[in-house]
Amino acid sequence: MRKGIAFGVAAALAVAAMMLGAFGVLIESGVRAHGSLDRYASAAAVVHGEQSVTYSTGSGDNKNSESRPLVEPNRVPLTQSGPLKAVPGVADVVADLLVPVVAAPTGQTLTGHGWDSAKLTPTTLTSGHAPASAKDVVLDTESAARLGIRAGSELQLQIDGSPQDYRVSGIDSGGPAGTLYFTQQQAETVSGHPDRADALVVLADAGSHVSSSALRHAAPGLDVATGAARGDIEHPGIQAGRADNIATGGTLGGVSLLVALLVVSGLLELSVRDRTRELAVMRAVGATPRQVRRVIVREMLKIAIPSALVGAVASLGLGAALLAVMSSQGVLPAGYHLALSPIPVAGSALLTVLTAVGIGWLSARRVSKIKPVQALGESAVEPKRQSRWRVITGLVFLALGAGMLVLTFTVGGQAASSSVAGLVISLMWGVALLGPWIARGGTRVLGALLRRLSPISGDLAATSARAAAVRMAAVITPIALALAFAGTQLFAQTTTSNATAAEARAGMRAERVLTSSGPGIPHGAYEAAKALPGVSDVTAVKRTTVLMPVWNLGTSLQSLSAQGVAGGSATTLDPKITAGSLAGLNEPGTVALSSQVAHDTKVGDTRQLWLGDGTQVTLKVVALYQRGFGFGDVLLPRDLVAAHAANTLDDFVLVNGNGDLSPLTSKFVGLHTATAADYGSALTEKSRHDGLTGLIAVVAIVGFILVGVVTTLGVATASRRRELTLLRLVGATRDQVMRALRLETVIIVGTGTVVGAAVAGVTLFAYAAGVTGLPMLSVPPLAVAGMVIAVAVPGAAAVLVPARRILRRGSPRIE
């Protein structure tokens with residue numbers, strides 16, 4: 001194999017291994033991620049409700065189960081403390097509660113606990129005493145200094161109503177910053193769930209060992225966390241982030257593997273085709289097909305093994321960089337740490353080597369099986385017909401893509417959204433396998449145009465491209481893949497953001513929106529707003545996430561964005577009701593669903609779902625609506641959501657009427673007035689934030705594809721040394737050859753751009769039609785131009801730079 005070609009193949013394989021390993025790092029970091037042990041470090045175990053929901057379908061051998069994490073704490077009954085204390089070795093069981101508290105008038109956010117939780121940390125009262133009454137609190141030293149508070153001072157605290165007066169009975173120097181202690185009974189009262197704790201923390205006798213199995217036996221139906229898993233209960237966001245990161249890393253890893261197969265297969269096929277003459281001579285002098293394939297596999301191993309190892313080791317750095325970017329952008333929860341080990345290195349290296357050897361073997365299979373005389377003939381002339389298996393497989397992929405296209409238009413909703421990824425992959429594999437047909441078609445169309453513009457060089461470029469359709473297909477595929485993949489991922493996100501903003505604008509009928517700069521809005525603000533003169537309508541909104549079985553090419557459990565509403569009416573919000581009425585949500589046990597998840601549900605039907613803390617409920621459907629992007633897929637009674645959420649605070653209060661809201665903003669700490677446009681902007685920003693992981697992945701995968709584009713085009717040009725030299729020998733000047741190559745590059749890049757744009761266009765059209773609605777399709781022209789330039793410029797350079805180097809030699813001669 002020529003040095004230049006070998007270097008190009010090695011570079012592509014190294015980048016492929018680096019990309020695969022980087023997503024492996026994300027997966028491993030998710031598997032190993034645990035929250036830090038702070039307050040629970042001294043605990044022997046932490047007893048808590050199961051933080052996931054498992055949903056099963058089918059029965060017997062056909063039974064399938066899937067689990068999804070919960071976003072709200074699954075609380076534990078306080079009555080479980082007694083049986084746990086009876087377990088041998090248990091010294092005490094602390095009912096831990098977390099209550100968000102805002103200090104007035106500064107707006108400083110504190111975390112309230114019961115005084116029993118002081119046993120979990122080395123609490124040291126530097127002054128004062130423990131809380132003795134319902135209006136006593138103990139404050140940590142740092143927070144007291146910020147607030148200018150000392151023992152015996154009065155302090156106003158806002159919990160779920162207007163600020164109330166408390167007395168700071170003591171100052172604690174041992175607890176974490178931002179910690180506030182109530183009496184245990186008061187903490188249970190203000191938490192909103194006086195009979196349940198966020199977790200039961202088990203403390204062991206000195207020198208004693210507490211049996212985990214005994215704890216599980218004492219608390220049936222609950223989970224017992226020990227070791228590093230205790231940190232997950234202390235920091236519940238880590239657990240949800242871990243599950244999402246594992247799923248995202250697995251999906252992106254699978255996509256990147258398919259992309260790597262497409263890019264590397266074309267590159268290796270070019271490198272093997274460059275050696276067709278040599279392999280044909282081997283066959284002519286008596287080498288068996290098996291010996292020829294063995295030569296190819298051996299040489300591929302020599303290149304693939306070191307390249308894959310270099311790329312796999314470098315993947316640790318790329319994976320760390322991806323994780324750092326995701327953490328800095330808030331995609332991952334605070335405290336999510338990087339985990340590195342040899343597993344992603346070994347896995348990505350092995351996959352890359354197997355891919356290279358397998359594709360090399362397949363590429364050499366045809367030339368190794370033909371007769372020696374035929375091999376010598378075909379070494380000089382590219383075969384005109386494609387192999388039967390390639391044509392059949394390509395047509396199958398196109399048929400599969402067509403079926404997914406019909407499915408997307410037909411079913412809509414979640415099923416349509418899920419079929420989009422399969423649609424673009426199927427179409428791209430069909431394009432790759434039927435590439436020579438596409439190359440000939442592109443040459444026929446663009447070649448005719450170029451002949452008119454430049455009769456001599458245009459004819460030379462078109463003739464050369466038409467004669468080398470297989471080579472053309474190998475270089476057109478990565479160009480089309482880069483544009484199709486980047487366009488689909490990027491513009492599906494812009495379309496989703498546009499749909500979210502448009503639906504929020506169209507459905508938000510409230511004249512003003514109350515928001516909070518703290519942990520949330522006390523529900524008392526909603527009650528107070530209703531009593532203000534001049535206020536005609538008020539709606540409280542509390543966000544959450546629920547789990548519900550959704551038909552998605554088969555029923556599956558999905559996490560859905562949901563909102564709890566109190567007093568909701570069409571005068572404040574309009575999710576575009578298609579059946580029923582939001583007034584039904586004022587009754588308990590009801591739900592409204594968006595068309596994205598409703599499937600064949602009708603008003604009056606019942607649907608089963610799990611609330612944020614995992615409580616399973618069966619609710620009556622009272623309304624169906626269309627604006628799921630702007631208002632979430634599920635609407636619930638606000639009180640139902642608050643009873644099963646981490647706290648009882650609202651996220652927004654929507655107000656109609658010209659009444660003066662200043663009494664509210666002055667009474668409640670951190671309360672602000674915003675417009676409906678601000679509310680829509682907040683939703684749009686959240687939509688963009690949710691899509692950051694996909695955009696980061698697009699950058700990584702498209703970066704690899706661009707490397708494949710440059711490498712493939714460079715290898716293809718380097719393999720044409722004999723052809724370019726022959727043109728010089730028959731009288732063509734350097735300028736004529738370079739002009740022909742420029743025009744041929746126009747054919748290559750033009751055809752790849754048209755094909756990539758067609759695949760992306762079909763996919764995006766299907767996504768918009770089946771998921772968001774065609775008017776929501778958003779394709780910014782400047783972004784399109786940037787993508788085309790990003791592919792065309794390096795692609796043209798990869799053809800023209802090595803060609804110029806070849807043509808700069810003194811006297812042309814055939815090698």
Side-chain angles (χ1 to χ4, degrees), residues 100-107 109 154 156-166 190 192 504-543 563-577 581-588 590 592 622-623 627 630-631 635-643 645 647-683:
V101 179
V102 177
T106 63
T109 301
E154 295 295 322
Q156 282 197 323
L157 299 177
Q158 177 176 286
I159 304 173
D160 195 26
S162 59
Q164 302 291 319
D165 291 329
Y166 284 82
V190 298
R505 281 195 306 270
M508 180 54 62
R509 301 295 176 84
E511 297 169 357
R512 286 172 290 179
V513 180
L514 293 175
T515 63
S516 173
S517 57
I521 303 174
H523 194 56
Y526 162 73
E527 301 292 345
K530 291 194 298 183
L532 288 176
V535 172
S536 59
D537 201 359
V538 183
T539 300
V541 178
K542 183 171 181 59
R543 291 179 176 175
Q563 292 188 144
V565 294
S569 70
T571 62
T572 54
L573 53 86
D574 176 21
K576 201 171 184 180
I577 300 294
S581 170
L582 285 186
L585 291 179
N586 294 321
E587 300 295 328
T590 56
V622 295
R627 292 174 176 150
F631 296 93
L635 295 177
L636 297 161
R638 182 264 170 200
D639 290 344
L640 179 64
V641 170
N647 58 66
T648 59
L649 303 176
D650 295 325
D651 292 294
F652 302 100
V653 174
L654 313 180
V655 180
N656 268 342
N658 57 6
D660 182 14
L661 300 183
S662 59
L664 288 179
T665 55
S666 60
K667 181 179 182 181
F668 294 92
V669 182
L671 198 62
H672 303 286
T673 303
T675 64
D678 295 330
Y679 173 82
S681 299
L683 289 180

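Source: prediction; values computed, not measured.
N656 contributes a side-chain N or O that, together with a main-chain N or O of T571, makes up a donor-acceptor pair within less than 3.5 Å. The closest donor-acceptor contact from the side chain of T590 to the backbone of G584 lies under 3.5 Å. A donor-acceptor pair under 3.5 Å links the side-chain atoms of E511 to the main chain of G657, judged by distance alone. At least one donor-acceptor pair under 3.5 Å links the side chain of N647 to the backbone N or O of L649. Formation of a donor-acceptor pair under 3.5 Å by the Q158 side chain with backbone atoms of V669 is found in this model. No donor-acceptor pair under 3.5 Å is formed between the side chain of K576 and the backbone N or O of G507.
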Next on the checklist: V538 vs V653, test: side-chain contact (heavy atoms from CB on, under 4.5 Å). Steps then yes/no.
Outcome noted: CA-CA 7 Å; V538 183; V653 174; 3.5 Å; yes
Next on the checklist: Applying side-chain hydrogen bond (donor to acceptor under 3.5 Å, both in side chains) to D160 and H523, what does each step give before you reach the verdict?
Outcome noted: CA-CA 6 Å; D160 195 26; H523 194 56; over 6 Å; no
Checklist entry - Does the pair L654 and V541 meet the rule for a side-chain contact (heavy atoms from CB on, under 4.5 Å), with working shown? => result CA-CA 8 Å; L654 313 180; V541 178; 4.1 Å; yes
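Nearest heavy-atom pair across S162 and K667 is CB-CE, 3.4 Å. A645 and K542 get closest at one heavy-atom pair: CB-CE, 3.5 Å.
F668 is linked by a ring pair (Phe, Tyr, Trp, His ring centres under 6.0 Å) to nothing, counting only residues two or more places apart in sequence or in another chain. D651 pairs by the salt bridge (Lys or Arg N to Asp or Glu O under 4.0 Å) definition with nothing, not counting sequence neighbours. Residues satisfying the salt bridge (Lys or Arg N to Asp or Glu O under 4.0 Å) criterion with K530, sequence neighbours excluded, are E527.
Counting only heavy atoms from C-beta outward, the side chains of F631 and Q563 approach each other to under 4.5 Å. Side-chain contact between P522 and D650: absent, with no pair of heavy atoms (C-beta onward) separated by less than 4.5 Å. Between L514 and T673, the closest side-chain pair of non-hydrogen atoms falls below 4.5 Å. Side-chain contact check for S662 versus D660: some heavy-atom pair is nearer than 4.5 Å. Between H672 and S516 there is no side-chain heavy-atom pair separated by less than 4.5 Å. Looking only at side-chain heavy atoms (C-beta outward), V102 and P519 come within less than 4.5 Å of each other.
To the nearest 0.5 Å, atom CG of residue L664 and atom CG of residue L671 are 6.5 Å apart. One distance of note links CZ of R627 with CE of M508; it measures 11.0 Å at 0.5 Å rounding. S666 OG to L661 CG: the interatomic distance, rounded to the nearest 0.5 Å, is 10.5 Å. Of the inter-residue distances, the one linking F652 atom CZ with R543 atom CZ reads 4.0 Å to the nearest 0.5 angstrom.
Just one residue in the list L585, T572, N586 forms a side-chain contact (heavy atoms from CB on, under 4.5 Å) with V565, and that residue is L585. For the side-chain contact (heavy atoms from CB on, under 4.5 Å) with L582, the lone residue among L573, V622, D574 that qualifies is L573.
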